[in-house]
Amino acid sequence: MTPHTAEKTSVTLLGLGAMGTALARTWLAAGHSLTVWNRTPVRAAALTAEGARAADSAAEAVAANTLIVVCLLDDSSVEEVLSGTGLAGKDLVNLTTSTPAQARARAEWARERGARYLDGGIMAVPPMIGVPEAGGYVFYSGSPELFERHQETLGVPAGTAYVGKDAGFAALHDVALLSAMYGMFAGAAHAFALIRKENIDPVSLAPLLVDWLVAMTPAVHQTADQLRSGDYTKGVVSDLAMQVAGTQTFLSTAEQQGVSPELLSPYFELMRRRLDEGSGEEGLTGVVDLLVR
Ligand code: FVH
């Protein structure tokens, strides 16, 4: 059994990068006994001053507690670090960003070594950790029993969202949300590029951009509803035929402003392809099907 201090689960944390250090501080502040290990030992020094115990090796850190949290750079560093440790009987929670396939393989790898496994996808940057009002949370998937057993401890650094038994689902949700974020940032980059050579203060454009993006994002619910029902014309206000006709205005404006259309063009090409399939009365949902190979 994992030892407890005042009913709080003791935690072992492997990996003290920016994220690992932020996680560690929240468990220490909440009164959890914490054993840490990092490849570069100096990163543990500040935490030992705050009450953590620094192990001399990953194997020693894993031996110290039942709950083992891993937050390393990537999946190959996880394998490297855990390979020499005794995982039998351990509750392994892997918060390292990975692909769904890597997460599923790591779950099987852990099972073969006698460990229970939960995978996590962190929807936060380090300053959001331990700050509930910042809205950060972590997707978890894998063993439901493990999630239930450790939900309280895992909820100390950030909110928790369990998304299923399939160990790959946390990574899949993580990557899906971050991919959408990059699309949004790409759009904002194009918008700023359009005004870059004009006498328009980017700081004055920023709140306009934010408000517009916030006003538009509820359309995601309509997309989801259409994907579920299969009716891509349901509730459409701005149809694809109109939107494709409008793309020329965006491309001409980019050209006139001396801005590359390379971020917009791939999306516009997909809209055109869907229109050419005879889907002019739909909105933009059909693009999803064009992407799925
Ligand atoms: N920081 C962020 O904004 C994002 C937010 C969302 C989630 N990510 C993921 O969290 C994982 C850890 O990220 P991090 O920010 O802590 O990353 P670094 O500060 O670069 O620290 C990396 C740690 O990994 C250790 N490490 C790397 N390679 C190895 C290895 N081969 N063997 C053992 N340890 C290794 C590194 O150790 P050291 O360089 O200090 O010796 C750090 O502890 C990550 O998956 C993000 O995608 C963060």
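For ligands, and for the atoms within them, numbers begin at 1 and follow the listed sequence.
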Sub-4.0 Å atoms of ligand 1 with respect to non-hydrogen atoms of [X]:
{"X": "Thr40", "answer": "38 (P), 40 (O), 41 (O)"}
{"X": "Glu80", "answer": "31 (N), 32 (N)"}
{"X": "Val81", "answer": "32 (N), 33 (C)"}
{"X": "Asn38", "answer": "37 (O), 38 (P), 40 (O), 41 (O), 42 (C), 43 (O)"}
{"X": "Leu72", "answer": "11 (C), 12 (C), 24 (O), 25 (C), 34 (N), 44 (C), 45 (O)"}
{"X": "Leu16", "answer": "43 (O)"}
{"X": "Val125", "answer": "3 (O)"}
{"X": "Met19", "answer": "5 (C), 13 (O), 14 (P), 15 (O), 16 (O)"}

| said: Under 3.5 Å, is there a donor on one side chain and an acceptor on the other for Asn65 and Thr12? | reply: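 There is such a pair between these side chains.
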| query | In terms of side-chain heavy atoms, does Glu145 have a donor or acceptor partner in Ser143 at a distance below 3.5 Å? | reply |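 Checked: Glu145/Ser143 side chains pair up, N/O donor to acceptor below 3.5 Å.
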| Heavy-atom contacts under 4.0 Å between Thr21 and ligand 1: side chain, backbone, both, or neither? |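 Looking at Thr21 and ligand 1, no heavy atom falls under 4.0 Å.
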| ligand 1 versus Met123: contacting region, heavy-atom distance under 4.0 Å |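 For Met123, no heavy atom sits under 4.0 Å from ligand 1.
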Donor-acceptor contact below 3.5 Å, side chain [X] vs main chain [Y]:
{"X": "Ser33", "Y": "Ser10", "value": "no"}
{"X": "Arg25", "Y": "Thr21", "value": "no"}
{"X": "Arg116", "Y": "Leu146", "value": "no"}

With nothing but distance in play, are any N or O atoms of [X] less than 3.5 Å from an N or O of ligand 1?
{"X": "Thr97", "result": "yes"}
{"X": "Cys71", "result": "no"}
{"X": "Ile122", "result": "no"}
{"X": "Leu95", "result": "no"}

| request: Could you go through the side-chain contact (heavy atoms from CB on, under 4.5 Å) check for Leu284 and Leu240 one step at a time? | output: CA-CA 6 Å; Leu284 298 167; Leu240 187 62; 3.9 Å; yes
| request: Might you confirm whether atom CZ of Phe268 has over 12 heavy atoms from other residues, nucleotides or ligands at distances under 6.0 Å? | output: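 Enclosed: over 12 neighbouring heavy atoms sit under 6.0 Å from CZ of Phe268.
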| Salt bridge present between Arg106 and Asp119 (N-O < 4.0 angstrom) |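 Between Asp119 and Arg106 there is no salt bridge, as every charged N stays at least 4.0 Å from the carboxylate O atoms.
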| Should Ala124 be listed as contacting ligand 1, given a heavy-atom distance under 4.0 Å as the test? |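 Contact check Ala124 vs ligand 1: positive.
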| request: Tell me, please: is Thr96 in heavy-atom contact with ligand 1, that is, under 4.0 Å? | output: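 Judged by the 4.0 Å heavy-atom criterion, Thr96 does count as contacting ligand 1.
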| Of Leu177, Leu172, Thr160, the residue whose pairing with Phe139 passes side chain to side chain contact (heavy atoms under 4.5 Å, CB included) |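 Of the listed options, the one satisfying the test is Leu177.
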